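Since we're looking at a predicted model, the values are computed, not measured. Atom set for the values below is all heavy atoms of this structure, side chains included, hydrogens, waters and symmetry mates excluded.
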Amino acid sequence: MAQPDDMFGDEDYPAYTMGRAAEIVGTTPDFLRRLDEAKLIAPHRSAGGHRRYSRYQLRLAARARKLVDQGTPLEAACRIIILEDQLEEALRRNEQHQQTHQQ
């Protein structure tokens, strides 16, 4: 089992409560709930059913907030972020594939 110091260094460790996450992102808890409904982020649920967020999820929420602040509808912002991340991953894999075949 990971020790607490190790967990907080983990990008995916759900360290932040909804209130703290909203504060960090500069938004409201309702905005975070809407991101969950839009399937951009799926926060961990504590034993009591409370949402907990990771640093990675906070970065996604901040990206969504920026797009929404620029006038992009929430659902479109979420789709843009998902597609950008899929493209980045595909490009990374393609680069790895090319490096493997050049050796």
Side-chain angles (χ1 to χ4, degrees):
M1 183 170 170
Q3 296 300 312
D5 289 344
D6 296 336
M7 289 185 249
F8 287 108
D10 182 352
E11 290 282 303
D12 296 315
Y13 180 70
Y16 303 97
T17 63
M18 177 180 277
R20 182 69 178 125
E23 183 180 311
I24 290 168
V25 175
T27 190
T28 64
D30 183 60
F31 182 81
L32 295 176
R33 281 188 212 94
R34 291 174 49 214
L35 294 179
D36 186 6
E37 291 168 6
K39 307 276 190 254
L40 179 63
I41 56 177
H44 174 78
R45 294 291 182 139
S46 69
H50 300 284
R51 290 175 174 91
R52 305 282 299 190
Y53 297 87
S54 68
R55 288 188 312 207
Y56 174 73
Q57 290 171 327
L58 295 184
R59 279 198 304 280
L60 291 177
R63 287 169 62 190
R65 179 180 166 247
K66 182 177 179 182
L67 287 170
V68 169
D69 286 352
Q70 294 171 348
T72 306
L74 181 84
E75 293 77 17
C78 292
R79 187 70 182 139
I80 288 167
I81 292 166
I82 290 166
L83 290 171
E84 285 176 344
D85 286 358
Q86 288 173 342
L87 175 59
E88 185 178 317
E89 176 64 15
L91 291 172
R92 186 188 63 75
R93 287 183 181 193
N94 187 42
E95 184 177 318
Q96 286 178 337
H97 179 75
Q98 287 178 351
Q99 288 175 353
T100 301
H101 286 84
Q102 289 177 357
Q103 293 176 359

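- For Arg63, the side-chain hydrogen bond (donor to acceptor under 3.5 Å, both in side chains) test picks out Glu84, Asp85, with sequence neighbours left out.
- Minimum interatomic distance between Ser54 and Tyr16 (heavy atoms only, all atoms of both residues): C-CD1, 4.3 Å.
- Among residues two or more places apart in sequence or in another chain, the side-chain hydrogen bond (donor to acceptor under 3.5 Å, both in side chains) test is passed with Gln98 by none.
- Listed by first then second residue, pairs satisfying side chain to side chain donor-acceptor pair (under 3.5 Å) with a partner in residues 18-27 read Arg20-Glu23, not counting sequence neighbours.
- For CD of Gln86, the number of neighbouring non-hydrogen atoms (other residues, nucleotides, ligands) closer than 6.0 Å is greater than 12.
- Taking each heavy atom of Ala42 and Asp36 in turn, the nearest pair found is CA-OD1, 4.0 Å.
- Note on residues 93-103: pairs passing salt bridge (Lys or Arg N to Asp or Glu O under 4.0 Å), not counting sequence neighbours, are Glu89-Arg93.
- From Gln57, atom CD reaches atom CG of Leu32 across 9.5 Å, with rounding to the nearest 0.5 Å.
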Step-by-step side-chain contact (heavy atoms from CB on, under 4.5 Å) determination, His44 to Arg51: CA-CA 6 Å; His44 174 78; Arg51 290 175 174 91; over 6 Å; no
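- Cluster partners of Leu87, using a side-chain heavy-atom cutoff of under 4.5 Å among ILVMFWY residues and allowing indirect links, are Leu91.
- For Asp69, the salt bridge (Lys or Arg N to Asp or Glu O under 4.0 Å) partners are Arg65, not counting sequence neighbours.
- Glu37 meets the salt bridge (Lys or Arg N to Asp or Glu O under 4.0 Å) test with no other residue; sequence neighbours excluded.
- Here ring pair (Phe, Tyr, Trp, His ring centres under 6.0 Å) pairs that include residues 50-103, with residues two or more places apart or in two chains, are His97-His101.
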List the atom pairs, donor and acceptor, that lie under 3.5 Å between side-chain atoms in residues 70-82 and the rest of the protein, sequence neighbours left out.
| residue | atom | partner | partner atom | Å |
| --- | --- | --- | --- | --- |
| Thr72 | OG1 | Leu67 | O | 3.3 |

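- For Arg52, the salt bridge (Lys or Arg N to Asp or Glu O under 4.0 Å) test picks out no residue, with sequence neighbours left out.
- Contacts classified as ring pair (Phe, Tyr, Trp, His ring centres under 6.0 Å) and involving residues 57-95 (residues at least two apart or in different chains) are not found.
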Quick one, Arg55 with Tyr13, criterion side-chain contact (heavy atoms from CB on, under 4.5 Å). Give me CA distance, side-chain angles, the key distance, then yes/no. CA-CA 7 Å; Arg55 288 188 312 207; Tyr13 180 70; over 6 Å; no
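- Every side-chain hydrogen bond (donor to acceptor under 3.5 Å, both in side chains) that Arg59 has, sequence neighbours left out, goes to Glu11.
- The structure places CG of Leu40 at 5.0 Å from CG of Leu60, a figure rounded to the nearest 0.5 Å.
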